[in-house]
Number of protein chains: 2
Amino acid sequence: MKPSLKQATNSRESSATSDLGALFAPRSVAVIGASAEPARFTGRIIPTLQRHGYRGAIYPVNPKRSELNGLPCYQSLADVPADIDCVVYGIGAGHILPVVDACAAKGVRLLVVASAGFAENGTAEGKALQQELVHRARAHGIRVLGPNGIGFGNFVDRAIISAAAVMAWPDVPRGGIGLVSQSGGLGLATIAYCAFEEGIHFSHLISTGNEADIDTIEVAEFFVDDDATDVIAITLEAVRQPDRFIRLLRRAGAVGKPVVVLKSGRSDLGKVMAASHTGAMAGQSAVFEMVCREYGVTMAEDVDDFYQIAAMFGKLRASGKLAAFTAPGEGCAALSLSGGHVGLFADHGSLAGLRFPALRGETTRSLADCLGFDGHFQNPLDTTARVIGNNAFWGKCVRALMDQDDIQVVVPIITVAPSYAEALEDFVRIAGERREILLVVWAGGSFGEGEKEIVRRSDVPVFRTPARAAEALRALQRYCARWNRPDATPETLPVLDNDAARSLLAQARAEGRTTLLEHESKRILAAIGMPTPRDAVVSSISEAEAAAEALGYPVAVKGEHPEFPHKSDVGLVALGIADATMLRATVADMHARLPEDGRGQILIQEMRPPTQELILGVNTDPEFGPVVMVGLGGVFVEVMQDFAMRLPPFGVTEAKRMLGELRGISLLQGARGTQPVDLDSLADLVARFSVFADHNRDMIAEIDINPLAVVAGDAGCPFALDALIVLQDD
Amino acid sequence: MKPSLKQATNSRESSATSDLGALFAPRSVAVIGASAEPARFTGRIIPTLQRHGYRGAIYPVNPKRSELNGLPCYQSLADVPADIDCVVYGIGAGHILPVVDACAAKGVRLLVVASAGFAENGTAEGKALQQELVHRARAHGIRVLGPNGIGFGNFVDRAIISAAAVMAWPDVPRGGIGLVSQSGGLGLATIAYCAFEEGIHFSHLISTGNEADIDTIEVAEFFVDDDATDVIAITLEAVRQPDRFIRLLRRAGAVGKPVVVLKSGRSDLGKVMAASHTGAMAGQSAVFEMVCREYGVTMAEDVDDFYQIAAMFGKLRASGKLAAFTAPGEGCAALSLSGGHVGLFADHGSLAGLRFPALRGETTRSLADCLGFDGHFQNPLDTTARVIGNNAFWGKCVRALMDQDDIQVVVPIITVAPSYAEALEDFVRIAGERREILLVVWAGGSFGEGEKEIVRRSDVPVFRTPARAAEALRALQRYCARWNRPDATPETLPVLDNDAARSLLAQARAEGRTTLLEHESKRILAAIGMPTPRDAVVSSISEAEAAAEALGYPVAVKGEHPEFPHKSDVGLVALGIADATMLRATVADMHARLPEDGRGQILIQEMRPPTQELILGVNTDPEFGPVVMVGLGGVFVEVMQDFAMRLPPFGVTEAKRMLGELRGISLLQGARGTQPVDLDSLADLVARFSVFADHNRDMIAEIDINPLAVVAGDAGCPFALDALIVLQDD
């Protein structure tokens, strides 16, 4: 149980994130309470630094010793005869505050606090201590990593400052993955261990713990700027600052660094767990998934997918291939001597949206040469077991497939064989020579050390099963489609005159109102140019008659009251009022139904029965704030959950993409005899609505335009037939 | 390319499947062309048999040698001085036929043919040779495994007759999984290798190859009867004989043996690959998935899930726990000292439909005792890193959780730690003592040999990531819900008088018709008691007038012709004909639209505009034959794909389950002001329809009742407003 680990730190935005590079590469490290006992946290830091060949100065601090790990040991920080860049603290939380002051005296820039006993224990004392720690550190210009983290590993500069057992692995080379994880147990312990076992390595492994100061997003921002990092891997429970998160995704995309996320808090129970683990509330899973789709972020399904897909991205970026294709998944080829594996990959690949171009005559002839026999070759290619014992065919066939110009990715699927080394060496050579992407599925059990070494020093991504390779290629396809497309930069937003609408919103808020009446809501929408039916608020039967005459019968009559936002449920909507007699009776009836508190009103509205109904709205997600939704109306949205979402603001092209995601899009295009909707007008309207939702995110909690209607004879242009705006509580 | 490996073998049904047990445990084995060269197929059989401690007699046969592998070598089969149970043939396909005759002379019962060069090569010669091989073997009462397989391993009787490299692993113990795989590369090579590496073992591993004689289903049937086998694992590309497959699933369920399937041929491309690999056409993926759901079969998503989930089922059955729970997934608990892992498991578990009961006060107090500190404990339980170094807490906490009576499954999630042995030993002990299920998530890298050994000899299932454990528990929940529920045996089917309908079908077929007219289709449905509107076929305008008078205006007029099954598309439906004048004009118009070939007819029908539309139909799946579908009508089925499927026949309870699967079920229950449908009547009608579809599966290709309508004032009882029956081509 770690409630609300995170204290508000509004000043973080202004920190120069590029500092982290220097902080994580300290020229000297002091360990407070350094111990000779390897079972203790403070006993493992220095041996780990030494094992990894740390080139800076190391200062053990322990008043009970004069020497430790072959180094002179100091009584206190003050006794250290030089300035210190980084101090590691892993003993009792209660003694930390004087240490901060001592750090200041030695010019310390980074304080790594591994101790527990701060905000994570849920007590007022723990929170106060954490707050005071950060407050005092900031006053001295010292940054804090933790508390309650397990340190960090910088494999570029060989500064491994962590007691995690896995960090003591010898000879861990550097790789291209920058991993940041709040949870030390997940990120530094488990993931690093499993990844190392598979020959997958990191530029940095950073555990942010309670995130009292340095947090996940700041570290990820550092990875964007860090030359040694090719891919950003993040374990995430909840997004606390969506603006910073989105900005991070944009910046990462702009420099061509993929982001891979392992997210929990997707289910209701998972949200509760995330909240109690980190104190942050996760939003709707669908919103997070939408954000990931929008920014080409890979959401890993499982722990091993997470680091394996990150490794693939890292290798492809390092070899310059990541930026070379806009749709690599549309040009896949695969081959195996196991027909069963070929079938599985064809299946998983197709279900993941990959395409396998048909083999041309020339390719088929080349393959026959490579294999030494003719056959009815298909893509993916089942070479059959006739090739067993001939390891040279692998490389030859891969080249033959790459020679076909619509093939961009080739996937050899290797099953158990006496030796893999020859084929692997071929693959590494081919990957270096060719512009196409080579990705190996290694279906045959564990690597030997020799093979692991070949894979480790190569730019060839390796997966263990056809399904996981297909999933990785889907992620690659999505990334390339998003960031390598010509229009990867955000499109121009519609210009909106927000002033009139905003002053109406502000006025309602000033009056202490939250749920606006229908006619007020529509007036606000009309102020941003959204078509609405003609209507009039009336205060007497004679006004009602005059209004109906002006609008022309039949009319609709609605009784409005702030307590009854869903009018039709309580008999406050009457449609098709045909004449003055009916009108008078209806208005009288509405008056009787409305509470006599002076807040009720009668609305007379022209009748425009829709031929088709949509919904358009905005909701506030706990993580990401306003989310615009559009869908077909009625049962489609309520029963079939057929709607598309985006974070506002966005332009017309994005709005069209949203509409294209609706399963019922054909019904907007005239399928089954429906009236086609003018999709250009609709997309324009949705985009403008998104800009409005964005401009007024400080005031609006919810907007529900239901239905957004299309009327026969109206050239398919939609308008807001009913609308409800709910303001935020102040 | 291996087109049509499978020759029709209608006599297979009559084989006594229990024979396979004896065939796979031969008392003696002869190897034709036995070689001293381990790189050759025929050089690996005998050393493998010897390494595994085969207790029967081994006879190398090779005219060029007098001794081999320490055994006397014979010139020919005839020279072997005893009868022989099993002969292995792995040399040139062309020389096999005389060998069959020689086998007969020695009383051989099983001929294992590993050689390629039969039907799989796609040539007429290959097919003919395979046919002759089986023909001749059958004549002598010899069963054939293969050709083009890689043999089998019987780990119960230590008879390992295969050249697959993995079969030469030393000291492979027996396990409870019976695995049958047509593809040797997938099943015997890859899967066995990866499973052995994880300490997962098998009763039998059987590669059926071309399945000229012994096929996948026959082997699986043997596993149902085999006492050493607890779980049946099948890799499958297409189901060729759905009746046998379904019977297998029923028999396996009846004896409490789970079936786990790794299926390819799910995507369109996958189907093409499967067809070219095995010559069998896979059906719709959704149909296969439905069959799996119906029979509690687990469809593994990936290769490793496949053997890991099979291992879980095997262990739970062996320990008697599989039969003990009807809904284990509803009583899950989990614990870890990594909050990140707890969050991931809560997430994946919830998304997989698992439920985590809230901890009671008593449980919380026990946990506090076990852990040595108080906390706001939740389920799943984050013990926090405070317990590091105290391995005893694992077992204690697991027991405390099991003591809560609504907890049936406990999942400890172990991350990287210096030693796992103590906790593992505890788990094994607890699993032996308690009735609850214990399932370990081992998130911390590879097992050491010691830990692997503990897991191997225990009944504790182990998974590597939270997501995969959750997926396995979903499979367990589905299995238990299906086979441990009180009504696991099939319900009684509605009794149907099929005679009248069948004679109408037979008559139409005798006339060489395939697409029946609407009124004929409805007459057939009426004959099985399905309500239809009143109607009359008329041949003149005066007959039309008389019919309309009798039905009462308004009426519907339809022009029927076998070439136009979709009448409204070609103007052959007129609704709401209000009087005789309109009627005459309409009938004249229809006459003009119908081709003048004497096959057109005019139908006058009472008008019963539906308030709600459903569809009910049957389609023929290439794998499974007739499939009954029911759904909401119109856009729901066409655009939203909202329908449920079942294999006929089934009873009313099953029909209600189908209706419950519809996303739009609320619309049948009166949501959004719709007229509620009488679900009892509807379920009864669907069940009776399924019995009809089953009885007449030899004649019917397709039935489309669209709409199955509900009319206001009709007490919600549905009837067939339009119907189309298509007969099978003869």
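The sequence lines fix the lettering, A, B, ..., with proteins before strands; numbering per chain opens at 1.
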Turns out that what part of B:Ile191 lies under 4.5 Å from chain A's heavy atoms comes down to neither
What are the two closest heavy atoms between B:Ala467 and A:Glu301, and how far apart are they? CB-O, 4.0 Å
Minimum heavy-atom distance between A:Val303 and B:Pro466, given as atom pair plus value: CG2-CD, 4.2 Å
Rounded distance [0.5 Å steps], OG in B:Ser183 versus NE2 in A:His341: 7.5 Å
Where A:Ala443 and B:Cys194 come nearest, the two heavy atoms and their spacing: O-SG, 3.5 Å
First locate atom CG of A:Leu186, then atom CD1 of B:Ile413, and finally report the distance between them rounded to the nearest 0.5 Å. 10.5 Å
Does B:Asp304 form a salt bridge (Lys or Arg N to Asp or Glu O under 4.0 Å) with A:Arg468? I'd like the steps, not just the answer. CA-CA 11 Å; B:Asp304 46 5; A:Arg468 245 159 281 160; 2.4 Å; yes
Between A:Phe356 and chain B, with a heavy-atom cut-off of 4.5 Å, which part of the residue counts as in contact: side chain, backbone, both or neither? side chain
Does the side chain of A:Thr465 come under 3.5 Å of the side chain of B:Asp302 through a donor N or O and an acceptor N or O? yes
Using non-hydrogen atoms and a 4.5 Å limit, figure out which bit of A:Ile150 sits close to chain B: side chain, backbone, both or neither. neither
Residue pair A:Lys263 / B:Leu344: nearest heavy atoms and the distance that separates them: O-CD2, 4.1 Å
Return the minimal non-hydrogen interatomic distance between B:Gly185 and A:Ser338, and the atom names on each side. C-OG, 3.9 Å
